[in-house]
Q: 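Dropping a structure here in structure tokens format, bear with me for questions.
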2 protein chains.
Amino acid sequence: MAVAHPANHEGIMQSYGLTVDKFLDHAAKWFGTREVVEADAGRVSRRTGYADLRARSNRMSGALASLGLRFGDRIATLAWNTQAHFEVYYAAMGAGLVCHTLNPRLTVQHLATMIEEAEDRVLVVAADLLPLSRALLQLCPAIEHVVAIDAALLPGETLGDHRAQLWDYERLLDQHGAASAWGDFDENVAAGLCYTSGTTGRPKGVLYTHRSNYLHTLRTLQADSIALTAQDVLLLGVPMFHANGWGLPFAAPAAGTKLVLPGRAIDGASLATLMRDEGVTIAVGVQTVWLGLVDHLERTGGELPDLKRILIGGSNCPDALINRIEQRLGVYVQTSWGMTELSPTGTIAPPYPTGQGRGASGRPPLGVDLKLTDADGAALPSQREAMGHLKVRGASVLDRYFRAESDALDEEGFFDTGDLAMIDADGNLTICGRAKDLIKSGGEWINPTEIEAIVGGHPAVRHVAVIARPDARWGERPLLVVETADASGTPDSLIGMLRGKVADFWIPDQVAEVEAMPLAATGKIDKLRLSADFAAGQISTTHVGR
Amino acid sequence: MAVAHPANHEGIMQSYGLTVDKFLDHAAKWFGTREVVEADAGRVSRRTGYADLRARSNRMSGALASLGLRFGDRIATLAWNTQAHFEVYYAAMGAGLVCHTLNPRLTVQHLATMIEEAEDRVLVVAADLLPLSRALLQLCPAIEHVVAIDAALLPGETLGDHRAQLWDYERLLDQHGAASAWGDFDENVAAGLCYTSGTTGRPKGVLYTHRSNYLHTLRTLQADSIALTAQDVLLLGVPMFHANGWGLPFAAPAAGTKLVLPGRAIDGASLATLMRDEGVTIAVGVQTVWLGLVDHLERTGGELPDLKRILIGGSNCPDALINRIEQRLGVYVQTSWGMTELSPTGTIAPPYPTGQGRGASGRPPLGVDLKLTDADGAALPSQREAMGHLKVRGASVLDRYFRAESDALDEEGFFDTGDLAMIDADGNLTICGRAKDLIKSGGEWINPTEIEAIVGGHPAVRHVAVIARPDARWGERPLLVVETADASGTPDSLIGMLRGKVADFWIPDQVAEVEAMPLAATGKIDKLRLSADFAAGQISTTHVGR
């Protein structure tokens with residue numbers, strides 16, 4: 001993209017590499033006593049100032065070097081939101097290693113595939129996940145070291161017959177920790193590796209750079225974005241293995257924000273206690289987390305007087321849930337849209353009301369550009385108030401997947417999100433569904449997401465999904481799958497909500513009630529699994545009259 | 001600083017050049033109807049949406065190319081805060097030209113030196129400054145084109161016998177405007193050139209890069225910094241020829257903020273009308289501007305109901321003035337410290353009370369690092385609560401001055417600001433004076449800034465300066481120079497304020513009353529001029545008893 005130019009056209013400002021270690025350096029120097037608080041089941045287990053935390057992380061870089069890790073090597077983590085996981089982020093990235101976060105809720109087979117593709121040499125694992133990691137190691141002979149974090153190893157604990165050496169994190173740090181140089185390399189060096197969830201196909205890796213993470217962080221801190229300040233207390237309710245924890249393990253120290261890490265437990269009761277005790281002002285996570293918190297507070301009558309804002313991402317959040325959260329907690333709910341491939345923030349609503357439709361997910365900030373196209377990739381003639389395939393381009397968007405032969409971009413440099421979306425006159429984005437989820441019935445398209453949004457407004461509905469079922473006459477027909485909280489959510493009452501709101505042919509003629517909706521590791525409904533279960537005859541349906 | 005590394009250590013995110021044209025592109029696409037409003041003496045003369053403004057700026061790039069300007073060429077501006085000046089910023093920088101802003105309040109000789117050193121080929125000039133530019137052109141034979149902005153040229157208007165061609169901006173745009181490619185070059189290309197004020201020596205140029213301006217902008221937008229949002233209306237009360245207008249011509253479109261440009265007039269009456277009519281929420285400028293506004297409102301009883309915040313920079317602001325502004329306007333005053341060499345923001349107080357001492361100027365944001373040293377450049381053993389020479393390093397700090405042979409940095413890469421400063425336990429910076437302003441009396445140092453702060457609290461004092469006068473016995477002695485508003489500011493009453501507050505030997509034994517304090521073009525007191533006038537016997541003094 002850049003054209004050649006003589007050096008005397010360059011300005012003469014200082015060189016300053018955009019590497020993520022600078023976030024923790026900044027916090028250590030200017031907010032040294034501001035804390036990172038770690039909890040276990042809602043009770044604080046550890047609190048450490050940024051200065052001490054920086055010193056520990058930096059010494060851990062030395063310990064990792066003592067294990068033989070060299071610049072560019074990859075190190076996997078299988079861990080919750082804890083101080084040690086946070087330290088490993090910086091210990092790895094600061095030294096030019098790649099921190100490869102793994103989702104403990106994936107299958108052993110999926111995890112092994114990722115570790116093998118990444119050629120990870122070290123596995124950092126939460127002590128309570130050692131059983132999982134033992135099974136995983138059977139499939140991963142190349143792992144050389146396993147470092148257990150968050151709890152001391154029990155005497156005699158081993159990895160069985162695996163060749164890898166087992167370390168206790170604190171002992172490793174004590175015995176081999178050493179101050180290390182951080183960030184003394186090019187800003188385009190890889191910093192992190194994260195795989196997409198794989199609910200819609202084979203998992204694919206995204207290899208973040210220091211620069212992409214740094215620019216994402218600066219975006220996050222803006223007043224119209226997540227807008228962290230040095231007086232805020234942030235609860236990280238999104239896992240650190242999920243797309244850099246939405247970039248907040250970078251943004252919090254960059255802003256001098258007190259950071260509350262809930263550990264493994266993000267149930268309503270644990271969060272209520274922790275958030276109240278630590279004075280949390282901003283909390284982030286997917287909608288199911290906040291549903292659990294509101295349920296708990298409604299049962300117990302508790303209050304969270306310091307909480308000002310909740311940031312929701314991951315999927316469209318029903319209006320009814322947003323209203324319920326805002327009213328019960330007395331907070332403002334910020335909506336957002338993002339993807340692992342975007343580092344992950346795409347659009348975000350500002351931290352104040354803007355008049356956007358409640359189903360919308362905010363506007364793109366500087367550094368994110370959007371384009372809507374038709375199915376052939378041609379830009380829609382009007383980019384406003386029309387549904388199209390959503391493409392994105394920008395400072396923290398992937399170029400190509402890890403190990404891919406070619407880039408994932410169109411000729412203009414846009415990445416295809418796979419989503420269908422609309423943009424309103426004010427620039428607010430609404431995700432309308434996955435392009436590949438669309439159902440083709442009698443040659444016409446049906447959008448499951450719209451049906452789900454309407455049925456989801458029924459008070460008895462806990463989860464709703466619309467999937468395609470094969471149909472001899474129409475090709476495909478929509479099947480409504482629900483998990484209900486009580487008996488009032490009858491198939492007829494649910495279908496009745498759709499009449500007059502969608503085209504008649506969109507209305508499902510079969511309804512399936514499930515005990516528990518299958519959720520993917522990211523908390524999203526696992527539609528692949530639903531379709532497979534239905535095909536295997538494991539889901540029974542009720543015919544309803546349209 | 002960067003070490004070599006194999007390409008396979010690089011991450012694989014999109015390339016995205018940090019060039020400033022992206023700010024206006026973003027505003028045009030996502031905030032196309034949000035306005036840039038231009039005023040003349042407080043009355044709106046023009047309002048243009050960002051989409052139209054982007055189109056005009058981009059076409060002006062084509063017009064500049066038609067004048068023969070090529071990538072890397074420099075173009076000077078001698079202009080106020082107007083739409084056309086804003087357009088020229090982007091027309092030049094977007095095309096890879098360097099926008100060299102000149103301060104119309106400097107002498108013709110100073111301006112000519114700058115134009116010659118910069119090798120400017122084009123001069124853009126406000127129509128009301130054509131007389132000045134005619135005098136200037138006599139000293140600048142190399143200028144090839146003069147473009148008059150803000151008002152149509154009168155018929156028959158010429159440049160006398162100068163070879164340069166005279167253009168009317170709108171006619172040039174009409175006749176030669178053409179859509180142009182923007183930003184397709186390396187982000188380290190020079191974008192702007194601005195000279196330091198020269199009150200303390202020969203003016204020196206700072207050559208900003210696209211990257212340094214881009215990173216400065218992202219810093220400015222943070223919630224703990226200037227924190228512009230898309231719902232704000234910003235009054236730019238600091239000249240666009242002064243260090244990129246504090247970076248706000250970049251930050252406003254980047255955030256989708258409505259921008260109000262006051263033109264030449266920043267007197268209290270003009271600003272009061274304009275700010276009220278346009279619903280300004282945030283206003284920035286040096287303290288003398290806000291003093292004028294408050295004076296006007298106190299006289300007229302006017303109100304500014306939409307105004308939330310005022311940002312002050314340029315020099316330490318007395319507590320009494322901050323309190324007066326906050327109480328009269330019902331706003332919050334944000335303090336800051338910066339320099340042309342810093343793009344210009346150094347430290348800034350967040351947009352909410354933090355408990356910092358009111359004389360302080362906030363904390364360094366991410367990307368700015370501070371160091372206090374002794375006079376020999378060795379870091380002070382404690383960096384808190386001790387006064388030292390202030391050094392700064394970071395993403396938007398100069399490396400070396402324009403045309404300089406060597407960099408202006410110490411071994412650790414820090415730039416010497418020339419200021420004396422303290423940093424409190426919370427990291428807030430207080431500027432204590434200029435290192436070279438210190439007065440050495442009997443072998444001991446006296447700090448004029450402390451004396452000025454105390455005497456400035458007298459209700460009759462409009463301006464106060466303490467300079468050194470040669471003294472046969474003590475080497476130097478402090479001379480108190482004041483401009484007073486009424487007769488209550490007698491020399492004895494002013495000196496009386498110092499007793500018990502500073503060491504006895506700090507107390508001046510001579511006082512000079514001046515009719516009008518000499519101010520430099522930036523609004524700062526011109527101490528060089530004061531010293532020269534005193535040496536020339538043009539300032540008479542009164543002896544006072546200590």
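Order of the sequence lines sets the chain letters (A, B, ...), proteins ahead of strands, with each chain counted from 1. Atom set for the values below is all heavy atoms of this structure, side chains included, hydrogens, waters and symmetry mates excluded.
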Q: Roughly how far, to the nearest 0.5 Å, is the NE2 atom of B/His216 from the CE atom of A/Met13?
A: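 Result: 9.0 Å between the selected atoms.
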Q: Can you tell me if A/Asp224 uses its side chain to pair, donor with acceptor, with the backbone of B/Leu228 under 3.5 Å?
A: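 Flag not set: sc A/Asp224 to bb B/Leu228 has no pair under 3.5 Å.
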Q: What part of B/Ser343 lies closer than 4.5 angstrom to a heavy atom of chain A: side chain, backbone, both or neither?
A: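 It is the side chain, since no backbone atom gets that close.
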Q: How many angstroms lie between CG in B/Leu366 and CG in A/Leu221, if you round to the nearest 0.5 Å?
A: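 One finds 7.5 Å between CG of B/Leu366 and CG of A/Leu221.
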Q: Okay, side chain of A/Asp399, backbone of B/Ser15: is any donor-acceptor separation there less than 3.5 Å?
A: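 No, A/Asp399 side chain to B/Ser15 backbone: no donor-acceptor pair under 3.5 Å.
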Q: Report which part of A/Phe23 has an atom under 4.5 Å of a heavy atom belonging to chain B: side chain, backbone, both, or neither.
A: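 It is both, since atoms from each part get that close.
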Q: Using heavy-atom distances under 4.5 Å, tell me whether A/Ala255 contacts chain B through its side chain, its backbone, both, or neither.
A: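 Contact with chain B involves the backbone of A/Ala255 alone.
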Q: Only one of A/His26, A/Lys22, A/Lys29 clears side chain to side chain contact (heavy atoms under 4.5 Å, CB included) with B/Asp369; which?
A: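 So the option named by the test is A/Lys29.
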Q: Relative to chain A, which segment of B/Arg393 carries a heavy atom at a distance below 4.5 Å: side chain, backbone, both, or neither?
A: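 For B/Arg393, the contact with chain A is made by backbone and side chain together.
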Q: Using heavy-atom distances under 4.5 Å, tell me whether A/Ile226 contacts chain B through its side chain, its backbone, both, or neither.
A: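 Looking at A/Ile226, nothing touches chain B.
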Q: Counting heavy-atom pairs closer than 4.5 Å to chain A, which one of B/Gly96, B/Pro253, B/Pro364 comes out on top?
A: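 Max contact count across the listed options: B/Pro364.
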Q: What part of B/Thr229 gets closer than 4.5 Å to chain A, counting heavy atoms only: side chain, backbone, both or neither?
A: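 Both parts, heavy atoms under 4.5 Å.
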Q: Against chain A, work out which of B/Leu409, B/Asp232, B/Leu18 has the most heavy-atom pairs shorter than 4.5 Å and name it.
A: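 If we count pairs closer than 4.5 Å to chain A, B/Leu18 comes out on top.
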Q: In terms of heavy-atom pairs under 4.5 Å with chain A, which of B/Tyr214, B/Phe402, B/Tyr401 leads?
A: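 Among B/Tyr214, B/Phe402, B/Tyr401, the one with the most close pairs to chain A is B/Tyr214.
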Q: In terms of heavy-atom pairs under 4.5 Å, which option from B/Gly367, B/Ala227, B/Ala191 contacts chain A the most?
A: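 Of the options given, most contacts go to B/Gly367.
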Q: Calculate, to the nearest 0.5 Å, the distance between atoms CD1 and CG belonging to B/Ile12 and A/Asp407 respectively.
A: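 Between atom CD1 of B/Ile12 and atom CG of A/Asp407 there are 10.5 Å.
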Q: Among A/Ser212, A/Gly427, A/Ala254, A/Ala395, who wins on heavy-atom pairs under 4.5 Å with chain B?
A: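 Of A/Ser212, A/Gly427, A/Ala254, A/Ala395, A/Ala395 has the most heavy-atom pairs under 4.5 Å with chain B.
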Q: Which region of A/Val98, side chain (C-beta onward) or backbone (N, CA, C, O), has a non-hydrogen atom less than 4.5 Å from a non-hydrogen atom of chain B, or is it both or neither?
A: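 Neither part.
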Q: Measuring heavy-atom distances to chain A, does B/Glu187 have an atom under 4.5 Å in its side chain, in its backbone, in both, or in neither?
A: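 Side chain of B/Glu187 only, per the 4.5 Å heavy-atom cut-off to chain A.
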Q: Is there a donor-acceptor pair under 3.5 Å between the side chain of A/Gln14 and the backbone N or O of B/Gly394?
A: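 A pair under 3.5 Å: yes.
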Q: Is it the backbone or the side chain of A/Arg400 that comes under 4.5 Å from a heavy atom of chain B, or both, or neither?
A: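 Both parts, backbone and side chain.
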Q: Let me know if B/Tyr352 has heavy atoms under 4.5 Å from chain A in its side chain, its backbone, both or neither.
A: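 Contact with chain A is through the side chain of B/Tyr352 alone.
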Q: Please name the residue in the list B/Val368, B/Asn428, B/Asp426, B/Ile423 that meets the side chain to side chain contact (heavy atoms under 4.5 Å, CB included) test with A/Trp30.
A: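 The residue from B/Val368, B/Asn428, B/Asp426, B/Ile423 that satisfies side chain to side chain contact (heavy atoms under 4.5 Å, CB included) with A/Trp30 turns out to be B/Ile423.
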Q: Any idea which of A/Leu193, A/Thr354, A/Leu370, A/Asp25 has the most non-hydrogen atom pairs under 4.5 angstrom with chain B?
A: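 Of the options given, most contacts go to A/Leu370.
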Q: Out of curiosity, B/Arg211 CZ to A/Tyr16 OH, how far, rounded to the nearest 0.5 Å?
A: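 One finds 9.5 Å between CZ of B/Arg211 and OH of A/Tyr16.
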Q: Which one wins on heavy-atom pair count under 4.5 Å against chain B: A/Pro365, A/Gly32, A/Ser396, A/Ser225?
A: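 Most pairs with chain B among the choices: A/Pro365.
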